[in-house]
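Below: the structure, in C-alpha cells.
Sequence lines set the chain letters: A, B, ... in the order given, protein chains first and strands last, and positions in each chain run from 1.
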Number of protein chains: 2
Amino acid sequence: MQHKSNKIPGMRNDAVNIFYEGLQAVEPGAAVKNYCRLDDDQLIIGDWIYDLEEYNNLYVIGAGKAAAPMAATLERILGQRITSGIINVKYKHLADLKRVKLIEAGHPLPDNNGQRGAGEILDLVQNAENNDLVICLISGGGSALLPLPFPGLSLQDKQDTIKVLLACSATIHEINTIRKHTSMLKGGRLAQAAYPAAIVSLILSDVVGDDLDVIASGPTVPDSSTFAQCIEILNKYDIINTLPESVVAHIQAGAEGEVPETPKEGDPAFKKTRNLIIGSNMDAIMAAEQRAKHLGYNVLVLSSMIEGETRPVAYVHGAIAREIIKTGNPLAPPACILSGGETTVTLKGTGLGGRNQEFALAAAIDIDGSEDIVVLSAGTDGTDGPTDAAGALSDNATMKRAAAMGLNPHHFLANNDSYHFFQKLGDLFVTGPTNTNVMDLRIILVK
Amino acid sequence: MQHKSNKIPGMRNDAVNIFYEGLQAVEPGAAVKNYCRLDDDQLIIGDWIYDLEEYNNLYVIGAGKAAAPMAATLERILGQRITSGIINVKYKHLADLKRVKLIEAGHPLPDNNGQRGAGEILDLVQNAENNDLVICLISGGGSALLPLPFPGLSLQDKQDTIKVLLACSATIHEINTIRKHTSMLKGGRLAQAAYPAAIVSLILSDVVGDDLDVIASGPTVPDSSTFAQCIEILNKYDIINTLPESVVAHIQAGAEGEVPETPKEGDPAFKKTRNLIIGSNMDAIMAAEQRAKHLGYNVLVLSSMIEGETRPVAYVHGAIAREIIKTGNPLAPPACILSGGETTVTLKGTGLGGRNQEFALAAAIDIDGSEDIVVLSAGTDGTDGPTDAAGALSDNATMKRAAAMGLNPHHFLANNDSYHFFQKLGDLFVTGPTNTNVMDLRIILVK
C-alpha cells in the first residue's frame, strides 16, 4: 500500500526534541541541581536536611565519567563550604574545579593513576571525623575509576581474575562478588572507611534496574555476598589453579576470617550513610514523557528495563506501533512509545554499528509499508558501539528510500552494518559526548 | 529478596480464566454466531444485509481446520435455506452436518481427497448464477486443504516447488506468489469462478496482521502479484532447472499471456465479493481484556502482532511487568498485560517444547525474585510445538520451586526442553484440541 505523507519530517523533529528533553534531565549538573540546594545553612539533598552548622568539614569525593560536572555543580551550590575533595575521572573528562582535586585515570581499564586517586580518597575519608560530612559522587565507570586492590594484590591480579571469570561464563553477580571481596573500597567498604563521618552518595545510574549494590560495585551500600560465596565460585568453575595465587590466597584468608568481611546490612556505618539516585533511565523517560505530552502525543512508558537481543526487541516495538495504527491499542494515535534500558547485539557480521543503530534498522524493516511511524534509538552517553553516532532515526519510508538508493537493509542488518546504512541515508543521530550515561532511550512516534 | 505471598494461586486461576474467555470468543461456532444472524428473510452478516428472497440458491463452501463447526453453526442459523454445500476439513475434524457435504482431506500435506473436494467446490461455484449467494468458510489450514493445481500440474509438483523455494530461503511473500499462480482457486480465483454469483467469505484468521490475501492464500481476495514476478523469483534464485518442468512451463506460459492472470483489484468479480474476519487474535485479546477488567485488573493490550525470537520477546514482557511493580508504569497494579501473535524458536537443543512453553520459561527466569507476577502463554489451537500441551504457566516463584526440586531452568532453556521442565513442576497448560486457531495468547498478571 502506497502512503504519501508529509508528517514524517515534523515527527522526526519531535523525536529529536523529546530525546534531548530526556537527556537534559539526566545531564550531571542538572541532576545534582535537581536534588541538592542550599537554604541558608541547610543543605537539602532529596528529602534529607543537613544542617551545615553541625558539620566541621564537608568533603567531596567520587568517581565516574560524570564526576567532574557533578562536582562543578556542587561547587557552585556549596562554594567555600567545601573543605576539600578528590574525584577520579576518565582522562579528558574535566571541569574547572576550585576546591575539589581532580585526578584523571584509566577507563575502562583501571590504571595506576586510578589506584593512586582511590588511595587518596581512602585517606581522606579515613581522616574524616564524627562531625564531618562526605558527599560522594558516583556515575558510570565508577567501578573501573575507583580501583584499590587489597594490599598484596595488584591491579593486574584483579584484571587477570576478571578475565578468568569471563572466560568460564561466570554470571555478572558472581563476578561482582569476587570484585567486591578483593577491593578496599567496593561492597560498602568506602562507607565503612568514612565512618563515623556522615556520608551521602549522589548516584547517576548506568545500570538496568538501578540496583544500588551494582552501580560502581556499591562502595556505600551494604554487601550481601561473602568470602564463603567466593570460595564456592572458585570451586564451581574449578579455577583455583587458574586464578592469580595472590587472589586465591586473599580469598582463602577472608573465608578463614583473617580478612574482614565486607560490611553488611546493620553495620553501624550504614546508619550514617545515605544513597540517592539523582539520575536514571526512568528520569530521562519521565522528562521525555512530559515533552511528548506537550507536543500532543498520547504516551506509553513501556519499561526502563528492556534488555535482550536487539532485533526481536525492535520487532516488539514495531508490533506495538503497528497495533496502534490498526486498532488504537494500547493507545490512540498520535502516540509516543518510550522505552529504556540496554539491549545486546550478538555479532555475526563484520560491519560497523551499535545496538541503537541496529534497533532503528530492524524497526525500519518491521514497519515498512505501514502508516506514519518514526523511530529514534540512541545512547544517552552519545555513543553507540564503536561509532561516532549516538544512534539513528528511521521511519516507515526508510526501506523505500534505501531501495531507491540501491541499498538492501536486510544485507546491512545481517552484516551488523547499521552505521554505514544510516550514514548513506543521512540518518545517523549524532550528539557528541553528553557527559552523562543512563543507558539508552527509544522513542517511537505514531500518527 | 525473599517475598512470601499467597496471591499466586488466585492469580493463576485468573490467568486461566482470562485465557478461556479469549478462547471462547474465537471458538468457530461462536465466531460465526457473533457475525451472522437471520432476521425473517434477511441474512445479516456483519454490517451487510442479504435479502434471501432475492437469491435463488444459497451455497456453503469452505476449507480449514475449523470449517466443520463453522458450517454446523451456519446450518443452525440457516437450516433449509441452504441449497447445498461442500467443505474440506482435516481428517477427523468433523461435525454432524445435514446439508453441507464434508470431505476429509490431508493437512499439513495436501492429498488427493483435498484435490477432489477442491474440484467439487470449483464445480459448485462455477454453476452458481447471478441470483445465487455463496458463503465461504475459511480458517487455518485452508491453503493446504484447498489444493487444486492447474491442469498439467500435480500436487507433487506443487509440493516439490515449495520445497525448492524453502531451500533457497525465498520469503513467504515470494512463496505465496508462486503458490497463487499455480492454483485454480487461490489468489482470488475462487471468487472469480463464482462470479456472477455473490460470495461472502467468513474468515477465522490464523495469520499475524490478518492480511486477507495471505490467509489461506486469499481465494476470494484480489491478488497484487503477477506471473512476471514469478519469473523474477525463478531468476533471482536461479531455480529454473531445479523446479519441476511442468511448473516452469506453466509460469512461462502465464508470463506470455497464455494462462489468465490472477484477478486484480477492479475485476468485476470483486464487486460481488465480500470478506469478513469473524475471528482473530485481537478478538481473543479483546474478550480476554473484558474478563481481566471484570476481575479487577488494569489492562494493557500490547499488540496482537508480536513475532520474533521467543526469549527476547519474553524478556521484554518481563521488563514491562517489573516496571509496573517498580514505578507503576505503564499502568498501576493490579495489572494485566495481554499480547498475541506467534513467536519463533531457533532450536539449539534437543529437548521437547514449544514457543509458548519456552516463553513461560524465559519469563520465569526474567521475573525471578520480583513480587507477584504470573505468566500464561498458550496457543489458541491447544497445541504448542510437538507436545500435548497448549503452553505453560509460570510465576516469580517458579525458579525457587525448580531449585528446590533440583532443576536448573537455564539448562532446560538452553536445551529447548521447556516441556519437561514444566511437566516436572506440574505447570503445563493443557486444553486439548480447541477446534480453532488465532495463534497465541500471552497473559501477564502483576499485583
Side-chain angles (χ1 to χ4, degrees), chain A residues 1-2 169 171 173 208-211 224 280-283 285-286 289 298-331 337-346 362 365-367 369-370 410 414 442, chain B residues 1 169 171 173 208-211 224 265 280-283 285-286 289 298-331 337-346 362 365-367 369-370 410 414 442:
Chain A
M1 183 175 28
Q2 201 95 6
S169 295
T171 67
H173 183 72
V208 173
D210 307 325
D211 289 336
S224 59
S280 67
N281 190 268
M282 187 47 93
D283 287 319
I285 288 180
M286 301 296 254
E289 179 185 24
N298 302 313
V299 183
L300 179 76
V301 172
L302 205 54
S303 177
S304 65
M305 296 184 272
I306 306 275
E307 298 176 280
E309 188 66 29
T310 301
R311 287 177 211 180
V313 172
Y315 300 149
V316 171
H317 284 70
I320 299 171
R322 288 182 285 116
E323 190 69 62
I324 289 171
I325 289 172
K326 194 177 179 201
T327 69
N329 281 294
L331 72 179
I337 308 165
L338 296 173
S339 83
E342 195 168 293
T343 63
T344 48
V345 172
T346 304
I365 291 171
D366 188 85
I367 61 176
S370 85
H410 297 280
R442 295 170 220 102
Chain B
M1 182 174 30
S169 296
T171 66
H173 183 73
V208 173
D210 307 325
D211 289 337
S224 59
E265 194 100 47
S280 68
N281 190 268
M282 187 46 92
D283 288 318
I285 287 180
M286 302 294 255
E289 179 185 22
N298 302 313
V299 184
L300 178 76
V301 173
L302 205 55
S303 176
S304 65
M305 296 184 270
I306 306 275
E307 298 176 278
E309 187 66 29
T310 301
R311 288 178 212 179
V313 171
Y315 300 148
V316 171
H317 284 70
I320 299 172
R322 288 181 285 116
E323 189 70 60
I324 289 172
I325 289 172
K326 193 177 177 201
T327 70
N329 282 293
L331 72 181
I337 307 165
L338 297 172
S339 83
E342 196 168 291
T343 62
T344 48
V345 173
T346 304
I365 291 172
D366 188 85
I367 61 176
S370 85
H410 297 281
R442 296 170 219 101

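- Remark: the B:Glu309 side chain and the B:Thr343 side chain contain no N/O donor-acceptor pair separated by less than 3.5 Å.
- With a 4.5 angstrom heavy-atom cutoff, B:Asp210 touches chain A via backbone and side-chain atoms both.
- Only the side chain of B:Thr327 comes within contact range of chain A, with at least one heavy atom under 4.5 Å from a heavy atom of that chain.
- Contact between A:Asp366 and A:Ala319 at its shortest, heavy atoms only, is OD2-N, 3.7 Å.
- The shortest heavy-atom contact between B:Thr344 and B:Thr310 is O-OG1, 2.6 Å.
- Two residues are said to be in side-chain contact when any heavy atoms from C-beta on lie closer than 4.5 Å; A:Lys326 and B:Met282 fail this criterion.
- Chain B forms more heavy-atom pairs under 4.5 Å with one residue of A:Ala314, A:Ala321, A:Pro330 than with any other, namely A:Pro330.
- For chain B, the option among A:Gly308, A:Ser339, A:Ser303 with the highest count of heavy-atom pairs below 4.5 Å is A:Ser303.
- A heavy-atom distance below 4.5 Å is found between the side chains of B:Arg442 and B:His317.
- The parts of A:Leu302 that come within reach of chain B are both its backbone and its side chain, each placing non-hydrogen atoms under 4.5 angstrom from that chain.
- Listed options B:Ile285, B:Leu331, B:Ile306 were ranked by heavy-atom pairs under 4.5 angstrom with chain A; first place goes to B:Ile306.
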